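A short write-up of the structure that comes next.
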Amino acid sequence: MRQWQLESGKLTLSVAPDPVPGPGEVLVRLDAWALNYRDLMILRGEYGTPKLSPLVPLSDAAGEVVATGPGTDGFKVGARVMPCFLQRWIQGPIRPEHYGSDLGFGLPGTLCELRIFPTASLTPVPPHLSPAEAATLPCAGVTAFNALRWLQPGQTVLTLGTGGVSIFALQLAKALGARVIITSRSDEKLAWARALGADHGINYHTTPEWDKEVLSLCGGANLVVETGGAKTFQQSLNALAAGGTLALLGRLTGITQGVNVQPLVYKAATLRGIYVGSRDDLAELAAFMTRHNLKPVVDQRVRFDEAARAFQALAAGPFGKVVITA
Ligand SMILES: NC(=O)c1ccc[n+]([C@@H]2O[C@H](COP(=O)([O-])OP(=O)(O)OC[C@H]3O[C@@H](n4cnc5c(N)ncnc54)[C@H](OP(=O)(O)O)[C@@H]3O)[C@@H](O)[C@H]2O)c1
């Protein structure tokens, strides 16, 4: 089987023996792989030093079971599956032993044609989704889903940019009956976001004081999906309504530091850190997508043999997801 490997910032295509599943494991032929901003950071050396070198990159993929090991009764050859992001985080809250089991950094990733997974880490693909669509769920989808937990119909969500997590947040929030304000550097992308149901779009280049714009539109967002980090956090806090929640998950503009957290106090607001989610969260998202007939937005598709081009597409700032297909 073929696999992509990352070493010293360089991606190379190599050939490896087909793996054989052991007890409790299945062999999956992967048909589609999705990129996340984290994968770009790992490629650029901005995510810390991986313990594994060379490293098979990427966390997200979807495929079909082609062989089963002993003790995998619930899994049949032909089943369509996707792996969870942190392979050891199956259910409940995150615990110390779950760390380091993230695909594509702590563990070898998914950008290969065949890969073994423990059955506990797999979730069935929603029947209405193609492999390319399903591959986008494990990281970006679950992260947005968890950011939106406890959102109530009629509340207002502010989500930043039109990348993978943010477009998931838009789609999921609309399905939950919320009002959505989204920001982008591009009026064209804002028009696409409106077509997906966004109630308001703010161009953060032409309206640099977008926090004030949010306040004037609705008096403040009940939930902010904070994908930006250093250069957006303070404004996100300003744009938050009293009693609101800021779901802190991203660092598109660097790691947040040296901010004035006083608005959190007088707004009696909640700051929630989000780290993707568990296998059960992925299964819950899959059920939600099925119930609401939601399809992820795949902006660009790149063939497996041209995978390096997918990283360039991500760096250019996609609307939704960049996916590699077999
Ligand atoms: N904590 C977690 O569990 C978790 C999980 C997933 C992702 N993340 C993080 O969340 C962030 C988003 O990830 P992603 O995979 O969705 O990224 P992505 O798909 O690469 O998103 C890129 C988009 O971000 C937007 N952007 C860039 N600078 C911005 C700014 N100053 N203000 C607002 N938007 C800006 C751009 O949108 P426009 O072109 O429309 O301006 C760009 O298209 C990343 O920092 C990633 O590491 C964290």
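Quick caveat: nothing in here was measured; it's all calculated off a predicted structure. Just follow the structure's listing: the first ligand is 1, and inside any ligand the first atom is 1.
- At a 3.5 angstrom cut-off on N or O pairs, Leu314 does not count as close to ligand 1.
- Closest to atom 3 (O) of ligand 1, if we only count protein heavy atoms, is Val276 N, 2.7 Å.
- Each of the following atoms of ligand 1 lies closer than 4.0 Å to a heavy atom of Pro318: 43 (O).
- Between Gly164 and ligand 1, at least one N/O pair is under 3.5 Å apart.
- Side-chain N or O atoms of Thr253 include one that pairs as donor or acceptor with a backbone N or O of Gly228 at under 3.5 Å.
- Between the Gln235 side chain and the Pro208 main chain, a donor and an acceptor come within less than 3.5 Å of each other.
- Residue-to-ligand polar distances keep Gly250 apart from ligand 1: every N/O pair is separated by 3.5 Å or more.
- Interatomic distance, CD of Gln5 versus OG1 of Thr12, reported as 5.5 Å (0.5 Å rounding).
- Annotation: Lys321 places no N or O atom under 3.5 Å from an N or O atom of ligand 1; distance criterion only.
- For the residue pair Thr207/Glu213, the side-chain donor-acceptor check at 3.5 Å is not satisfied.
- Distances from atom 48 (C) of ligand 1 to the heavy atoms of Thr159, Leu249, Thr136 show the closest one on Leu249.
- Remark: minimum distance from atom 34 (N) of ligand 1 to any protein heavy atom is reached at Gly161 CA, 3.3 Å.
- Between Phe105 and Tyr47, the two ring planes are perpendicular [angle over 60°; tilted spans 30° to 60°].
- Considering only non-hydrogen protein atoms, atom 36 (C) of ligand 1 sits nearest to Arg185 NH2, 3.4 Å.
- Looking at heavy atoms from C-beta onward, Val81 lies out of side-chain contact with Val26 at the 4.5 angstrom threshold.
- A distance of 11.0 Å separates CG in Leu52 from CG in Leu6, rounded to the nearest 0.5 Å.
- Contact annotation for Phe319 and ligand 1: no heavy atom of the residue comes within less than 4.0 Å of the ligand.
- Of the heavy atoms in Thr253, only side-chain atoms (C-beta onward) come closer than 4.0 Å to ligand 1.
- Of all the heavy atoms of Leu40, none lies under 4.0 Å from any atom of ligand 1, so neither backbone nor side chain is involved.
- Against a heavy-atom cut-off of under 4.0 Å, Ser184 is close to the following atoms of ligand 1: 38 (P), 40 (O), 41 (O).
- Electrostatic pairing of Lys189 and Asp299 does not count as a salt bridge here, judged by no charged N lying under 4.0 Å from a carboxylate O.
- Pro318 has its side chain out of reach of Ile167: every pair of non-hydrogen atoms, C-beta onward, lies at least 4.5 Å apart.
- In Leu252, the parts holding a heavy atom less than 4.0 Å from any atom of ligand 1 are both the side chain and the backbone.
- For atom 7 (C) of ligand 1, the candidate residues are Val165, Asp102, Asp60; the nearest heavy-atom contact is made by Val165.
- Taking CG from Leu282 and SG from Cys139, the interatomic distance works out to 10.5 Å, rounded to the nearest 0.5 Å.
- At the top of the distance list for atom 2 (C) of ligand 1, counting protein heavy atoms only, stands Ile274 O, 3.4 Å.
- Side chain of Arg115 to backbone of Gly109: a donor-acceptor contact under 3.5 angstrom is found.
- In Glu46, the CD atom is crowded: over 12 heavy atoms of neighbouring residues, nucleotides or ligands sit closer than 6.0 Å.
- Close N/O approach between Thr183 and ligand 1 is not found [any backbone or side-chain N/O within under 3.5 Å].
- Heavy atoms of Lys231 stay at 4.0 angstrom or farther from ligand 1.
- Counting only heavy atoms of the protein, atom 21 (O) of ligand 1 lies nearest to Gly163 CA, 3.2 Å.
- Evaluated for a side-chain contact (heavy atoms from CB on, under 4.5 Å) with Ile42, the options Asn36, Leu55, Leu58 yield exactly one hit, Leu55.
- By the 4.5 Å heavy-atom criterion applied to side chains, Gln234 and Thr256 are not counted as neighbours.
- Counting only non-hydrogen atoms, the option in Trp192, Tyr204, Trp210, Tyr37 that gets closest to atom 27 (C) of ligand 1 is Tyr204.
- Below 30°, between 30° and 60°, or above 60°: for Trp33 and Phe304 the angle between ring planes is between 30° and 60°, a tilted geometry.
- Of all protein heavy atoms, the one lying nearest to atom 37 (O) of ligand 1 is Thr162 N, 3.2 Å.
- Contact annotation: for Cys139 versus ligand 1, heavy atoms closer than 4.0 Å belong to the side chain alone.
- Of all protein heavy atoms, the one lying nearest to atom 5 (C) of ligand 1 is Thr143 OG1, 3.1 Å.
- Under a 4.0 Å criterion applied to the non-hydrogen atoms of Gly317, ligand 1 contributes the atoms 43 (O).
- Proximity of Lys189 to ligand 1, defined as any heavy-atom pair under 4.0 Å, is confined to the side chain (atoms from C-beta onward).
- Taking atom 11 (C) of ligand 1 as the reference point, the nearest protein heavy-atom neighbour is Thr227 O, 3.6 Å.
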